[in-house]
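Every chain is numbered from 1, with letters handed out A, B, ... down the list of sequences. Quick caveat, the model's predicted, so the values are computed rather than measured.
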Amino acid sequence: MKRKNSEKALYPEFEQLNMPSIEKEILQWWKENNVFERSISERSEDKRFVFYEGPPSANGKPGIHHVMGRTIKDLFCRYKTLQGFRVERKAGWDTHGLPVELNVEKQLGITKADIGTKISVEEYNKHCREDVMRYTDLWNELTEKMGYWVDLKNPYVTYENDYIETLWALLKKLYEKGLLYEGYTIQPYSPAAGTGLSSHELNQPGCYRNVKDATAIAMFKVVRSKESDFLFKTESDDVRILAWTTTPWTLPSNTALAVGSGIEYVLVKTFNAFTFKPIQVVLAKDLMAQYFPKENEELDFESYKEGDKKIPYKVLQSFKGSDLKDIRYEQLLPYTQPEDGDAFRVIIGDFVTTTDGTGIVHIAPSFGSDDFRVAKQNGIGSLTLVDRQGKFVDAVNDEVFPLQNRYVKEDYYTAEEKQAEYEYQKMILSEKGVIPNLKSFMSVDDLIVLKLKLENKLFKTEKYEHSYPHCWRTDKPVIYYPLDSWFIKTTAVKNRLIELNKTINWKPAHTGEGRFGQWLENLVDWNLSRSRYWGTPLPIWRNNSGEEKCIGSVAELKLEIEKAVQAGVSKPTEITDLHKPIVDEIVLVSETGKPMQRVPDLIDVWFDSGAMPYAQWHYPFKNENVFKQNFPADFIAEGVDQTRGWFFTLHVLAVALFDSVAYKNVVSNGLLLDKNGNKMSKRLGNVIDPFDTIENYSADATRWYMIRNSDPWDNMKFDIEGLQEVQRSLFGTLYNTYSFFALYANIDKPAKAPNVLVENKNFVELDRWILSRLQTLLKETTAFYEDFEPTKAARAIEKFMDEDLSNWYVRLNRRRFWKGEMSEDKQAAYDTLYFCLNTVAQLMSPVAPFFSEWLFGNLHGNSFQSTSADTVNSIHLSLLSKANNSFVNSDLEERMELAQRACSLILSLRKKEKIKVRQPLNKILIPVLSNTQEQQFKKVESYILSEVNVKEIEYISDASDIVKKKIKPNFRELGKRAGQKIKAVQQAVAAFTQEDISRIEREKQYTLNLDGEEFLLQLNEVEIQTEDIPGWLVVSDAGLTVALDVTITDDLRKEGNAREFINKVQNLRKDKNFQVLDRIKVSVVKNGIFEEALNQFYDYISNEILAKQISLVETLDTADEVQMNEEMLQVKVEVV
RNA sequence: AGUCUCGUAGCUCAGGUGGUUAGAGCGCUACACUGAUAAUGUAGAGGUCCGCAGUUCGAGUCUGCGCGGGACUACCA
């Protein structure tokens, strides 16, 4: 920024504030002097504050929301440094995972199916490795420009061999603890592609599509037993449970029915619409109306004939779902039976609703995750009658319908296959006498529905449109299917996870207790497996004989390879990389001498990042001490979307491996939205570019705006206008305040203030007041930072700067700086202002590291030119001033507040009467409540008088009867005692006369008569305020009343004119660019009004305007015209 | 669908343990100030505190039920 005054001047002055330009200078200076490195190395190793950086993925460009997240990280690290802690910050990069793969595929124009054919796995992974660091430069640039201090020179990178080796070591440790196992779950599976799909892949646009499927309400025949007896009246009753499905092909695999325990069900007597046989069906009461029109209830059972459209029905009884528990039913399609478990029962499912269907859910544990879970809980076995190709297995061997070996989804057929199948269906169904001449192809669903219909097992069927997931690679429908996966048994440590979570300080607390806590309560095992190419391989080798081995290090792997080579099952292999395909080519040997292959799975990338506390140091292979010093973290921060991501995996691994938390404090920040509350997206064109923002408005203004605007954990609406406001109000005010200080300090050349606040007898009331406020601010702000409440800290600083320092201290003190020679009093004022600026700079430095550095540098004679390492004096190397309690004076703060309020009231009165402040007035009247209050006022009286330009204040005590008062109940106090009588008391009090008010004030109590009942009202149960002073101009607010005498006497008028004249001349001086200290000569054309004023106030006037001479003349050749109240004056001013 | 969260002035946000006239800044309007001046001050307009019901003498605040925004998780007959 361009300097206005000479290099020799004590304090630099500038043309105008340009924050982006300041930041460039400071950045350069930081770099040249290694300030960041020093801010760590100069702090003791014994006093650490441990921070973990959550690794971003560098294959996407950084956005403005990253500035938000990183500001939070940065500010607490800087704050702790300011408190003397050593805060090391190792950067990190997340490099594995699907987004990287997708990016590469997009660039190369290939799909996953091409891997291994068009492109080798080796080559593919090479591209991933290069692509993932594509935007590192951009990230580094943003990191630097936004002032985020993190060690970019030694980052951890998750694809590096050392990193992966740690992951293997951890996996092996889990394996040995029995926490790593293979199991199976129901996952989205694409038979066409032969692979499982992640939820991420399923959430690709276009994957969920509306399709029309044949749905069926099947009738499950109840077996009469102890549990079901209540449903039967006679031996011949045919009781059926109704269950709806949109996937009839799963019905052969049905092994249970689920009901909601609290849902109300009914037993309804009716006839089957297809077979016309009498039946009794069970379904949810709420859903009856969908199947049984109300008017049919009246129909006569006796007169019902087969084929009648209207079917009579009658509700026989109703009961709760829990009554149905354990009722057995006949298997619907008994092709085969499950080998394990106790199937074909009614069970309770928490997920059952009555929004559609029948309120009873058909359970096929192999083809639904809810089904699987609830079946397992209830000990129900499963049937998996579909193979991996999506075809019914041989066991589905129907005598009539061709189901065996048929695809369960018709989309899996090719056109030719479908035609052929249709021909076959036509033939067989005709042969069996089911359909003489089949018109079109029937899907498996259709066939099953038809079969049920014929067997009196179908209640209803219809086409139903619903959204169904499709495979993004093959476009064919997905089915849910049991697949093998490797899991971490997080459920085994669930209780410790919950316990230790309670020791973590979450900001905000509800994320920890609510979102995260709930998640832990409903924990399922962590599915680690991913069928991908670019990621950390699972280091498990095994063979078909059930032998397996988990490898925990490169050394171990080498040893095993050697063994395998000796056993003759493998060739020697050089291990250069721990990724696919190299590790897949390695064959190891088992204990019994058989070859073992690596299981093909890669692991979830979240394991990579969750393991960073260990892997960033290559622990346990290296750096054991470093690791121990840096575990667990004192502080981490990321977006709230990481709650079940990074926050979770860090926690799980630390608890499972070390029985410890991974972090003690965690701040989760909300989302950054555009100014209308929409998510920023390229599509909407509302993305804010972080580089532009920093370039145009500075990093500090951006950082400050983000922090001060709303709590980090709330979503933030980002608005450039808000940023400008911050720039103008906070930084502008600070800059102005500093400029003011520099301007006069360069003239007066005061001694440099002490670095620590010490007692000085020359401090005046105002100095002591602002210093007291400053100490309070110091304590408050420190407490807010300690509590991870940066928004409260920033707002407290703003308030101090604006209301206290600039708007009161400096404004009331201006004369002290600009009048007269250097003095002890002036020195005290300079010291005070210097100390305030210095401390404010420190307090704001975590949030605004550049501006505070600049301000600090200006105060300490640092021009940011020096590159001499010995003289580096950075605010970020300094230690935060300690609060000095002896300077806190709450009486003083209280009376200054009284003064501020009184001034505000008086100014509003002047305003109302249109009397400008330059017109002196005689008297203010203030009714005071106590002697103490009067004393308080008297101590700040001079400030009030000069601020509002009035000659004297008269205090009137309670006793005087000129003051009119009003009274109202103090509800908080009165409510405690009066309770329901409060309304009556309120009415009685409202009726008080001035006399009554005086009496309760005098006697401290008052007996009320409430409808014949006495109530003794205490003085503290009412609030008495002054309302009016007859004959005066009065205003009151919140218990403070002031009255102003607005009479302008002749003398006052003259004085007012004198001041008006001074003001005009001062303006002329400025217009004419006179120096502040120039002496002048003034000539004024004769004017009666002015002459009066001049005669009486000659000395005062000339002193104020630094005039050697003021003369009245008849005429002037050249003169300026100035308006002095009513009169126009001809004036000439010259420097002498 | 579930869990969590938010809803106060045109905008951004404050409003311990319930207390009767709900605040601030910005913006707007008007006026003033002018040796901090591309600053600043004063005043004014602007609110069914998302809705409904409840508890209470009294609800922005507590409880319940909704509505709307957001995040995450899940994808279900």
Side-chain angles (χ1 to χ4, degrees), chain A residues 16-17 188 199 202 208 215 217 243-247 250 257-258 349 351-353 355-364 368-371 467 469 480 508 510-511 513-519 521-522 639-645 670-671 673 675 677-679 705 708-711 713-717 719 721-722 724-725 728-729 732-733 735-741 743-744 791-792 795 798-799 802 806-807 810-811 814-815 817-818 904 907-908 910-912 914 916-918 968-976 978-986 1063 1066-1067 1069-1070 1074 1076:
Chain A
Q16 63 169 13
L17 178 62
S199 59
L202 232 45
Y208 276 85
T215 66
I217 295 177
W244 183 59
T245 179
T246 55
T247 51
T250 60
L257 293 170
F351 52 87
V352 178
T353 64
T355 47
D356 46 25
T358 61
I360 296 151
V361 178
H362 132 69
I363 299 293
S369 57
D370 276 341
D371 304 43
S467 93
Y480 288 83
H510 61 72
T511 301
E513 288 157 15
R515 183 182 284 207
F516 196 64
Q518 294 267 352
W519 168 258
E521 295 286 349
N522 300 314
V640 69
D641 52 329
Q642 292 298 335
T643 307
R644 284 148 184 187
L671 256 77
L673 310 168
K675 64 174 178 176
N678 299 311
K679 226 174 156 168
Y705 165 63
R708 71 85 58 203
N709 188 64
S710 56
D711 286 325
W713 34 90
D714 288 338
N715 287 348
M716 182 190 178
K717 294 180 191 169
D719 187 0
E721 280 181 45
Q724 288 166 322
E725 186 187 325
R728 202 173 54 233
S729 63
T733 305
Y735 169 78
N736 277 336
T737 308
Y738 166 75
S739 303
F740 174 85
F741 171 83
L743 176 67
Y744 293 107
T791 306
K792 291 198 167 97
R795 287 178 182 174
E798 272 183 22
K799 192 165 184 284
D802 183 47
S806 165
N807 226 341
V810 173
R811 201 154 57 86
R814 277 177 299 187
R815 291 185 70 83
F817 288 97
W818 81 57
S904 167
L907 288 171
S908 80
R910 296 189 77 116
K911 164 88 181 172
K912 211 175 279 171
K914 295 195 190 310
K916 51 178 70 173
V917 180
R918 264 198 301 279
K968 71 166 189 176
N970 176 344
F971 287 93
R972 193 187 287 267
E973 287 301 314
L974 184 61
K976 286 180 203 160
Q980 299 197 10
K981 284 181 273 188
I982 204 161
K983 287 244 159 79
V985 176
Q986 184 179 13
N1063 169 255
Q1066 298 289 30
N1067 282 343
R1069 287 181 59 115
K1070 201 175 173 200
F1074 293 178
V1076 174

Q: Check whether any side-chain N or O of D371(A) sits under 3.5 Å from a backbone N or O of A364(A) as a donor-acceptor pair, and report yes or no.
A: yes
Q) Counting any heavy atom closer than 4.0 Å, what does G722(A) reach on the DNA or RNA strands: base, sugar-phosphate only, or nothing? A) nothing
Q: Sequence neighbours left out, what passes side-chain hydrogen bond (donor to acceptor under 3.5 Å, both in side chains) with T246(A)? Give chain and number order.
A: none
Q: Determine yes or no for a side-chain-to-main-chain donor-acceptor pair under 3.5 angstrom, with D711(A) supplying the side chain and W713(A) the backbone.
A: no
Check nucleotides 27-32 of chain B against the protein and report each pair of N or O atoms closer than 3.5 Å, with its distance, or say if there are none.
residue, atom, partner, partner atom, Å
rG27(B), OP1, R728(A), NH2, 3.4
rC31(B), O2', K911(A), NZ, 3.3
rC31(B), O2, K911(A), NZ, 3.0

Q | Counterpart base for rG41(B), defined by Watson-Crick or G-U wobble contacts under 3.5 Å | A | rC31(B)
**Q.** Residues that N1063(A) engages under side-chain hydrogen bond (donor to acceptor under 3.5 Å, both in side chains), provided they are two or more places apart
**A.** R918(A)
Q: Taking atom P in both rA14(B) and rC6(B), compute the distance separating them and give it to the nearest angstrom.
A: 10 Å
**Q.** Nucleotide rU55(B), atom P - distance to CD of Q980(A) in whole Å
**A.** 13 Å
Q) By ring-ring contact (aromatic ring centres under 6.0 Å, His included), which residues pair with Y705(A), not counting sequence neighbours? A) F718(A)
Q: Check salt bridge (Lys or Arg N to Asp or Glu O under 4.0 Å) between R910(A) and all other residues, then give those that pass, not counting sequence neighbours.
A: none
Q.
For rA24(B), give the paired nucleotide (Watson-Crick: N1-N3 plus N6-O4 or O6-N4; G-U: N1-O2 and O6-N3; both under 3.5 Å), or none.
A. rU12(B)
(Q) Measuring from the side chain of S904(A) (C-beta onward, heavy atoms only), which nucleotide among rG25(B), rC57(B), rA43(B) has the closest atom? (A) rA43(B)
Q: Using the test side-chain hydrogen bond (donor to acceptor under 3.5 Å, both in side chains), find all partners of E973(A) that sit at least two apart in sequence or belong to another chain.
A: K976(A)
(Q) Using the ring-ring contact (aromatic ring centres under 6.0 Å, His included) criterion, which residues pair with W519(A)? Sequence neighbours excluded. (A) F648(A)
Q.
Could you tell me how far rG23(B) sits from rG46(B) if I compare only their P atoms? Round to whole Å.
A. 14 Å
Q) For RNA chain B, whose closest nucleotide is more 5', that of D711(A) or that of T511(A)? A) T511(A)
Q | Closest nucleotide among rU17(B), rC75(B), rA14(B) to the R972(A) side chain | A | rU17(B)
**Q.** Contacts of R811(A) that satisfy side-chain hydrogen bond (donor to acceptor under 3.5 Å, both in side chains) - sequence neighbours left out
**A.** N807(A), E947(A)
Q. In the structure shown, which nucleotide is the Watson-Crick or G-U wobble counterpart of rU17(B), with both distances under 3.5 Å?
A. none
Q | Listed partners of K983(A) passing salt bridge (Lys or Arg N to Asp or Glu O under 4.0 Å), at least two apart | A | none
Q.
Rounding to an integer number of Å, can you tell me how far E798(A) CD sits from rC13(B) C1'?
A. 11 Å
(Q) Side chain of H510(A), heavy atoms from C-beta onward: which of rA71(B), rC4(B), rC75(B) has the nearest atom to it? (A) rC4(B)
Q: Nearest whole angstrom, please: distance from the P of rC13(B) to the CG of N715(A).
A: 10 Å
Identify all pairs in which a protein N or O lies below 3.5 Å from an N or O of nucleotides 36-38 of chain B, and state each distance.
residue, atom, partner, partner atom, Å
rA36(B), OP1, R814(A), NH1, 3.3
rA36(B), N6, S806(A), O, 2.4
rA36(B), N1, S806(A), OG, 2.8
rA38(B), N6, Q16(A), OE1, 3.2

I'd like a table of atom pairs between the protein and nucleotides 8-12 of chain B - only N or O on both sides, under 3.5 Å - with the distance next to each one.
residue, atom, partner, partner atom, Å
rU12(B), OP1, K717(A), NZ, 2.8
rU12(B), O3', N709(A), ND2, 3.3
rU12(B), O2', N709(A), OD1, 2.1
rU12(B), O2', N709(A), ND2, 3.2

Q. How would you label the contact of D802(A) with the nucleic acid (heavy atoms, under 4.0 Å): base, sugar-phosphate, or nothing?
A. nothing
Q. According to the Watson-Crick and G-U wobble definitions, with both distances under 3.5 Å, which nucleotide is paired to rG2(B)?
A. rC72(B)
Q: Could you measure between the two P atoms, the one in rG19(B) and the one in rC62(B), and give it in whole Å?
A: 11 Å
Q | Nearest-angstrom distance, C1' atom, rU8(B) to rG25(B) | A | 15 Å
Q: Check whether more than 12 heavy atoms from other residues, nucleotides or ligands sit under 6.0 Å from atom CD of E721(A), and answer yes or no.
A: no
Q) How would you label the contact of E725(A) with the nucleic acid (heavy atoms, under 4.0 Å): base, sugar-phosphate, or nothing? A) sugar-phosphate
Q) Taking only residues two or more places apart in sequence, or in another chain, which ones meet Y735(A) in a ring-ring contact (aromatic ring centres under 6.0 Å, His included)? A) none
Q) When you match K981(A) and K968(A) each to their closest nucleotide on RNA chain B, which lands nearer the 5' end? A) K968(A)
